[in-house]
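Everything quoted here is computed from the prediction, not taken from an experiment. We're numbering straight along the sequence, starting at 1.
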Amino acid sequence: MGLPSGFVKLLLLYGIFFLGLAQAKVHYHDFILTETNFTRLCSSNSMLVVNESLPGPVIRVTKGDTVYVNVHNQGYYGVTIHWHGVHQPGNPWSDGPEYITQCPIEPGSNFTYEIIFSDEEGTLWWHAHSDWTRAGVHGAIVVLPNEETGFPFPEPDGEEILVLGSWYVGNVNEEVAEDLENGADTPRSDSYTINGQPGDFCPCSNESTYRWQVDYGKTYLLRLVNAAMNAELYFAIAQHNLTVVGLDGSYVKPVITGFVMITPGQTMDILVTANQPLGRYYVAARQYDSARSDVTDYDQTNATAILEYRGNYTSSADPIFPSTLPSYEDFVPALSFTSRLRSLANHDHPVNVPKNITTRMYIAASMNTVTFDYEGTTKDGLASSLNNVSWINPSTDVLLAYYRNMSGIYTPDFPEYPPVLFNFTADEVPDYTTTTIQGTKVKMFDYNEEVEIVFQGTNVFDASEDHPMHLHGYTFYVVGSGYGNFDNVTDPEGYNLVDPPKMNTVSLPKKGWVALRFKASNPGVWLWHCHLDRHLSWGMDTVFIVKNGGTRETSIREPPPYMPPCSSSAIRLQRLDNSGEKIN
């Protein structure tokens with residue numbers, strides 16, 4: 001007598017469930033944050049890093065694993081850590097941005113993050129999400145595919161991780177705090193780095209240039225991270241093609257190119273075949289500067305590493321520099337490269353672009369001024385905004401306030417459209433557009449809403465430039481982009497709804513727009529922000545709150561037994577009400 005079909009189905013479901021449990025692994029790491037001395041550019045500097053290394057340790061997992069990271073803060077100021085690109089389903093408690101999902105881990109204390117991997121696959125990264133501490137506190141995350149699926153390309157012979165970063169000669173957090181306090185511009189980096197080293201073209205750096213050794217004929221999976229603080233970067237390897245196969249923890253159709261443009265916060269998976277004559281070749285990165293051409297005080301260093309072949313050959317000649325690396329202010333290569341990115345969109349890696357849109361938002365990103373109090377005097381300072389709201393951190397994190405239904409911490413009235421429509425990309429914009437308001441305004445979404453957001457660049461203060469926009473807790477489909485003002489009638493006709501790239505960080509082009517879609521299926525409190533840290537510090541961010549669904553599985557998990565206690569934000573502008581009085 002056979003078993004009932006329903007019972008057989010139940011056994012099959014349980015078998016699949018327990019097979020998944022058996023495959024998923026749990027990993028444990030200790031991150032020890034200490035001030036460590038480094039010598040770069042002919043001078044020594046102490047900076048906060050993890051486990052005395054720059055970049056920090058690599059977290060290596062398989063798709064679907066869970067990681068516990070116990071962060072011990074032995075530094076001098078509070079810190080949080082964000083797991084960039086990890087969706088953390090139902091677990092915003094471990095997402096990391098200060099005063100959004102937690103308060104800082106104070107000196108002498110520790111906090112354990114639970115990092116839940118789900119559908120991510122490829123390269124991601126982790127970094128501090130408090131003040132500008134991520135200049136030294138960052139590292140790569142490698143998410144390997146399950147054995148059943150493997151890579152969607154031939155198994156590479158080896159792997160290399162390159163992290164692009166920013167180096168500051170001075171104490172960057174102290175400088176930023178002072179600049180924000182008096183409303184001034186924030187510091188520029190003194191050089192860019194590759195795996196913590198500026199390279200041959202910078203002073204006192206020849207002996208420490210990072211070297212990547214390869215064997216002729218082998219193909220390597222290069223995992224590239226842009227951890228730079230405030231710069232999109234061009235990247236190339238002399239006389240070697242780059243085949244981009246992954247972006248932000250998702251696969252893309254292979255793009256063969258002589259260079260890439262990678263924006264802060266982005267990660268790429270790139271195949272590199274060592275097929276050139278035995279020798280040494282420069283790996284180089286330089287800033288892609290999208291600001292107006294008369295602003296030339298940006299970091300113009302060329303960060304370099306050296307790709308060198310193993311074997312017997314004469315290597316007295318200098319390495320070859322990549323001729324394919326675009327110049328600093330050339331925007332055409334950046335546009336050309338990003339326009340080629342498409343999701344893999346096959347059976348094992350399908351796309352599911354939302355098409356039943358229930359919420360549409362049009363968000364203008366602007367530079368502004370804001371009125372604040374400085375040593376008892378009312379003055380104007382630099383600010384930035386989304387829909388003319390410049391975010392200001394509350395004294396208690398938004399997640400706790402939402403979960404505990406606390407009042408007075410935030411307001412649920414972030415605008416879906418700019419308060420005033422004007423020609424956002426004109427050479428001259430109205431004077432009334434320059435001043436913004438400060439607030440802690442969030443946007444609420446019902447569970448499973450299908451959302452379309454169009455970010456619009458503006459030319460307020462003649463300060464239009466690219467903005468790398470990052471959403472915590474989600475990846476989204478980039479369905480369109482263009483230059484000028486978004487036209488809600490004609491521009492959607494050109495949307496790519498077939499194989500748009502999935503990203504967690506997208507570059508909003510200078511004087512242009514970008515359209516993206518996602519399904520609000522991850523309940524929690526999630527930060528949206530520009531990944532240029534100076535813009536984040538000035539207020540170009542907001543918070544999305546996705547409400548719970550109807551079941552325990554579609555709701556925010558209960559908080560862990562311990563969360564770092566809250567105190568007032570260390571770096572914040574003093575708000576004024578309409579009469580000019582301080583708001584405490």
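With hydrogens and angles disregarded, a donor-acceptor distance shorter than 3.5 Å links the side chain of Asn522 to the backbone of His87. Under the 3.5 Å distance criterion, the side-chain polar atoms of Asn346 are matched with a main-chain donor or acceptor of Asp348. Within the 3.5 Å criterion, the main-chain N or O of Gly108 finds no donor-acceptor partner in the side chain of Asn73.
Side-chain contact between Val142 and Arg223 is present, with heavy atoms from C-beta onward closer than 4.5 Å. In this structure the side chain of Tyr77 reaches within 4.5 angstrom of the side chain of Leu48, judged on heavy atoms. Side-chain contact check for Thr436 versus Val389: every heavy-atom pair is 4.5 Å or farther apart. Using a 4.5 Å heavy-atom threshold, the side chains of Tyr28 and Asn70 count as separate.
Using bins of under 30°, 30° to 60° and over 60° for the plane-to-plane angle, the ring pair His129/His82 lands in the perpendicular bin.
A donor atom on one side chain and an acceptor atom on the other are found under 3.5 Å apart for Thr358 and Glu449. In this structure, a donor-acceptor pair under 3.5 Å is absent between the side chains of Tyr113 and Gln88. Residues Glu114 and Ser94 have side chains that never bring a donor and an acceptor to within less than 3.5 angstrom of each other. Judged by distance alone, the side chains of Ser537 and Trp132 do bring a donor and an acceptor atom under 3.5 Å apart. Using a 3.5 Å distance cut-off with no hydrogens or angles, the side chains of Glu35 and Tyr76 do not pair a donor with an acceptor. Inspection of the Tyr298 and Gln287 side chains reveals no N or O donor paired with an N or O acceptor under 3.5 Å.
Between His472 and His529, the gap from one ring centroid to the other is short of 6.0 Å. Between His531 and His127, the distance from one ring center to the other falls under 6.0 angstrom. Phe445 has its ring centre no less than 6.0 Å from the ring centre of Trp526. Ring centers of Trp528 and Tyr474: at least 6.0 Å apart, outside the cut-off. Between Trp167 and Tyr192, the distance separating the two ring centers is not shorter than 6.0 angstrom. Aromatic rings from His470 and His84 are positioned such that their centres are separated by under 6.0 Å. Here Tyr362 and Trp513 keep their ring centres 6.0 angstrom or further from each other.
Taking the charged nitrogens against the carboxylate oxygens, Glu121 and Lys63 do have a contact shorter than 4.0 Å, which makes a salt bridge. Under a 4.0 Å N-O distance rule, the pair Asp248/Lys502 does not qualify as a salt bridge. Salt-bridge formation is detected for the pair Glu416/Lys443: a Lys NZ or Arg NE/NH1/NH2 atom is positioned less than 4.0 Å from an Asp or Glu carboxylate oxygen. At a threshold of 4.0 Å, the pair Asp446-Lys547 counts as salt-bridged, since one of the basic side-chain nitrogens sits closer than that to a carboxylate oxygen.
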